[in-house]
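Report on the structure given below.
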Protein chains: 2
Amino acid sequence: MKKITIGEAARQSGVKVPTIRYYEGIGLLSAPSRSEGNQRSYEPSDLNRLAFIRHARELGFEIDAIRTLLQLQDDPHQSCASADAIAKARLIDVEQRIRSLNALKAELEQMVEGCGHGRVDQCRVIEVLADHGKCVHPHH
Amino acid sequence: MKKITIGEAARQSGVKVPTIRYYEGIGLLSAPSRSEGNQRSYEPSDLNRLAFIRHARELGFEIDAIRTLLQLQDDPHQSCASADAIAKARLIDVEQRIRSLNALKAELEQMVEGCGHGRVDQCRVIEVLADHGKCVHPHH
DNA sequence: CCTACATCCTCTAGCGACTAGAGGTGCAAG
DNA sequence: CTTGCACCTCTAGTCGCTAGAGGATGTAGG
């Protein structure tokens, strides 16, 4: 039940102070009450919200998606179809990113391996960059 | 040997017109000659440079790294050690990203699978977001 | 009570790598 | 000659913060 300063909230949630203020500014977090000296003072329940946001950001959800997820959390009677859809979209995105990063990895490995550590005119790194056709997988 | 308009250069290189102008603005691309009517007119050799940049961007190299790589390409007598270092750093970065995306993927899969498609109060997506402890891998 | 110092406040500007749009000019075809 | 697209410059917006200026507040020690 104890009120908490923004610094304390930052320490406990792992979200930095300016970021908390930023979240308030964009309406992701509702404005807390203030002390006599106009300093923000948070309820313990605000920490849950902050942790939720932080976790979602770590999982790569965009602010807008988090906004929706928070609204869903606030109204537990709603169907969870939209939460499901958001998570699925994120999953598809992550899978796509993994695929393309794996392709990049193969390309970069080829580059680095092929580098004879000599002069630039024999360097495979530069060569491949200059000529897309020299890529292992020409798809990107 | 034919001079080319910016639109044509964009079409042939796959780099958008405003992006080409942007690259010129930040000094990644040198300013081309101009037509009588003050329109940019590119040499075919500029297309190579544009292709190089595009390819490097696709591989995720940052503008500053590309700047260095272009300088190396321009002076083929230099040692390719820096090109090698840049590519290796990029490779390590990519590998790191793949690792963390794989962790995310596992997390998201758990969320989506656990979703009973009912109401929000039984939704695992929301639940996991709210409670980090419910993650499969609690490392992130 | 005074001072020192950390923490807080608001506000603006900056990051990277573009992208969008306003408002105007050039150029080629019909 | 007019239509209409492509070009020009310039500014501002995107996303998710982060940094810094300049000032107020809160707290602990002397």
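In what follows, every heavy atom counts, from backbone to side chain, and hydrogens, waters and symmetry copies are set aside. Being a predicted model, the structure only gives us computed values, none of them experimental. Sequence lines set the chain letters: A, B, ... in the order given, protein chains first and strands last, and positions in each chain run from 1.
Residue A/R67 qualifies as enclosed at atom CZ: its count of foreign heavy atoms under 6.0 Å is above 12.
Counting only heavy atoms from C-beta outward, the side chains of A/F61 and A/T68 never approach each other to under 4.5 Å. For the pair B/L129 and A/I66, the minimum side-chain heavy-atom distance is 4.5 Å or more.
A/I63 contributes atom CD1, which lies 7.5 Å from atom CD1 of A/I53 (distance to the nearest 0.5 angstrom).
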### Task
Begin with the C-alpha distance, continue with both residues' side-chain angles, and end with the deciding distance and a verdict on salt bridge (Lys or Arg N to Asp or Glu O under 4.0 Å) for A/D93 and A/R90.
CA-CA 5 Å; A/D93 181 43; A/R90 178 74 193 125; 2.7 Å; yes
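For the pair A/R54 CZ and D/dC17 C1', the interatomic distance rounds to 15 Å; values are reported in whole Å. We find that CG of A/L28 is positioned 13 Å from C1' of D/dC15, with the value rounded to whole Å.
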### Task
Assign a letter to each nucleotide of nucleotides 8-30 of chain C from its 5' end: B, base within under 4.0 Å of a protein heavy atom; S, sugar-phosphate only; -, no contact.
SSB------BBS------SS---
